[in-house]
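As the structure lists them, so they are numbered: ligands from 1, and atoms in each ligand from 1.
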Amino acid sequence: MNIQKPRGTEDIYYEKASELSALELILRDIVMQYNYHEIRTPIFEAKDLFVRAVGNETDIVTKEMFELLDKKEREFVLRPEATVPVIRSILEDKLYGKYELPLKLFYLGSMFRYERPQHGRLRQFNQFGVEVVGVKNYLLDVEVILLGYNLLKALGLSNLTLKLNYLAVGAERTKYIAVLKTFLKTQDLCADCAIRVKKNPLRVLDCKIDNKKFDQAPKIYDYLTESDQTEFNNLQNILTKLAIPFVLDHKLVRGLDYYTSLVFEVVVDKQERELTLLGGGRYDQLVNSFEPSLDYPAVGFALGLERLLLTLTENEIKLADEPYLDVYLICLSDHARYFASSLLLLLRGSGFRADCDYLSRSVKAQFKSLERLKAKNAIIIGDEELKKNVVKIKNQTTGKEQEVKFEKIITFLSKENK
Ligand code: HAM
């Protein structure tokens, strides 16, 4: 029998699960400060949704989707990202008519991509993301960038770089692509890029093998319309005013086809290379491409939680509290063990973290567990004590031991734990 987890997936337990939960709590807290609302969409969606919206020449669609057939042979995929499902949900349930615009949504959940697993790259991973739908305003772009950048800073990361680019669309993009193709003809391209240059030339700039040689390529942000140029300038000016450092990266094109203007990433600098923690941008045509009568511009980003946790660990940043117990019960007899059940009920019902031994182990072994579990107090229950309706409570920090009446246990511990 195969008892191995699928390649590129992780079992998350104990310390790592605590770190992940703590991270999720912090993210929820921060995103609420910006007035975002949670959205949860299904883990699988119709395949066609992503083919249409992410782009049928992108790696995500052509190579990386986990595909499923249901009993009626309909094609589904495990969602590779959440922007498209969020837009699908907004359209299906007409959220734009029910809530204040812009819709400010966030999500936390698993995504699936059939990629070659490596450091920080999984086949099932968790994303935290935001999507702001219904308004085009560079100040909103600034808010989204600030949210992403500042939450990474708030977690204690410092070696971050915010990269910006601005993609031309329509006639300007066509013009740019012609110039880019002429430039690319002068370059020695890898096998993948030789194909990309025909199907999706912008993606060549993002070559994973060697994109240094495209430093001198024509820059897409030199081909913007006047109004886009103004938007991009305004955005840069305000980021500068807010003291948010950024670099312009004309090679930043992103792996999804729905972006229409601003694209950005935050990368963490490592010795040998950089790791992208979050990426996003503006996608003003996505709603319209599904529903031509609607014009709802949108902007958002997503952040990989596993990559972020990895980076936090590498920077020795811990988010979760050390696990501890308020009370561990030491039972000196079977009778005491019996009594322990009702005492645990009382303690837990009063908000204390409490536990006891269920292996009928010796008193010495129970004291060892007390240490291992880092309990703040031991409650020692013996037959003599039970006869007198008392227990002994030992404060593990001070070493002080006291006899306490049954009915006073909660009051006593509340004072001790203040
Ligand atoms: P993305 O760049 O494909 O964008 O993914 C966003 C983030 O998810 C990445 O920066 C990375 O941290 C994490 N990520 C992606 N693939 C993997 C993987 N295989 N293993 C671990 N982490 C991964 C999107 O998904 C867009 N939907 C973002 C967006 C939202 N754009 C606008 N709104």
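- The Leu256 neighbourhood of ligand 1 comprises atoms 3 (O), 4 (O), 24 (C), 26 (C), with distances under 4.0 Å to a heavy atom of that residue.
- Residues Tyr36 and Phe106 keep their aromatic ring centres 6.0 Å or farther apart.
- Within the 4.5 Å cutoff, the side chain of Phe112 has heavy atoms near those of the Ile43 side chain.
- One N or O on the side chain of Asn288 and one on the backbone of Leu294 form a donor-acceptor pair closer than 3.5 Å.
- Here's the thing with Thr83: one of its N/O atoms is less than 3.5 angstrom from an N/O atom of ligand 1.
- Within ligand 1, the atoms closer than 4.0 Å to a non-hydrogen atom of Arg121 are 19 (N), 20 (N), numbered from 1 in the order shown.
- When each atom of ligand 1 is checked for a heavy atom of Phe301 under 4.0 Å away, the hits are 29 (C), 30 (C), 32 (C), 33 (N).
- Ala302 O, 3.6 Å is the protein heavy atom nearest to atom 7 (C) of ligand 1.
- Ligand 1 does not have Gly255 within reach: every non-hydrogen atom of the residue lies 4.0 Å or more from it.
- The nearest protein atom to atom 28 (C) of ligand 1, hydrogens excluded, is given as Gly279 O, 3.4 Å; this is a heavy-atom distance.
- Contact of the Pro117 side chain with the Leu122 side chain is not registered, since no non-hydrogen atoms from C-beta on lie closer than 4.5 Å.
- No side-chain heavy atom of Lys376 sits under 4.5 Å from any side-chain heavy atom of Glu416.
- Tyr166 is not listed as a side-chain neighbour of Leu235, based on a closest heavy-atom distance of 4.5 Å or more.
- Which parts of ligand 1 touch Thr276 is read off a 4.0 Å heavy-atom cut-off, strictly below it: atoms 10 (O), 11 (C), 12 (O).
- Summary of contacts: the protein heavy atom closest to atom 32 (C) of ligand 1 is Gly300 O, 3.3 Å.
- The closest non-hydrogen atom to atom 5 (O) of ligand 1, taken over Gln127, Arg307, Glu131, comes from Gln127.
- Proximity of a side-chain donor or acceptor of Asp357 to a complementary backbone N or O of Leu359 within less than 3.5 Å is detected.
- At a 4.0 Å heavy-atom cut-off, ligand 1 touches Arg113 through the side chain alone.
- Heavy-atom contacts of Leu278 reach the following atoms of ligand 1: 10 (O) (cutoff under 4.0 Å).
- The single protein non-hydrogen atom nearest to atom 21 (C) of ligand 1 is Gly120 O, 3.3 Å, given as residue, atom name and distance.
- Between Asp249 and Asn165 there is no side-chain heavy-atom pair separated by less than 4.5 Å.
- Taking distance alone, with nitrogen or oxygen atoms compared against 3.5 Å, Gly304 approaches ligand 1 more closely than that limit.
- Remark: ligand 1 atoms within the under-4.0 Å shell around heavy atoms of Gly280 are 31 (N).
- Residues that satisfy the salt bridge (charged side-chain N to carboxylate O under 4.0 Å, His left out) test with Lys212, not counting sequence neighbours, are Asp215.
- For atom 19 (N) of ligand 1, the closest heavy atom belonging to the protein is Glu115 OE2, 2.6 Å.
- Those atoms of ligand 1 with a heavy atom of Glu81 less than 4.0 angstrom away are 25 (O), 26 (C), 27 (N).
- Put simply, the side chain of Asp355 never gets that close to the backbone of Tyr328: no donor and acceptor are under 3.5 Å apart.
- Side-chain contact between Ser261 and Leu167 is absent, with no heavy atoms from C-beta onward closer than 4.5 Å.
- For ligand 1, one of its N or O atoms has an N or O atom of Leu122 under 3.5 Å away.
- Not a single heavy atom of Glu306 sits closer than 4.0 Å to an atom of ligand 1.
- Contact check for Val266 versus Thr161: no side-chain heavy atoms found under the 4.5 Å cut-off.
- Between the choices Phe128, Tyr259, Phe125, Tyr283, the shortest heavy-atom distance to atom 18 (C) of ligand 1 belongs to Phe125.
- Scanning the protein for heavy atoms near atom 26 (C) of ligand 1, the closest one is Tyr258 OH, 3.3 Å.
- Checking side-chain atoms of Arg113 against main-chain N and O of Glu64 turns up no donor-acceptor pair under 3.5 Å.
- Considering backbone and side-chain atoms alike, Leu277 places an N or O below 3.5 Å from some N or O of ligand 1.
- Using a non-hydrogen distance threshold of 4.0 Å, Arg254 registers as a contact of ligand 1.
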Glu306 and Asn126: CA distance, side-chain angles, deciding distance, side-chain hydrogen bond (donor to acceptor under 3.5 Å, both in side chains) verdict: CA-CA 7 Å; Glu306 285 78 5; Asn126 287 287; 2.8 Å; yes
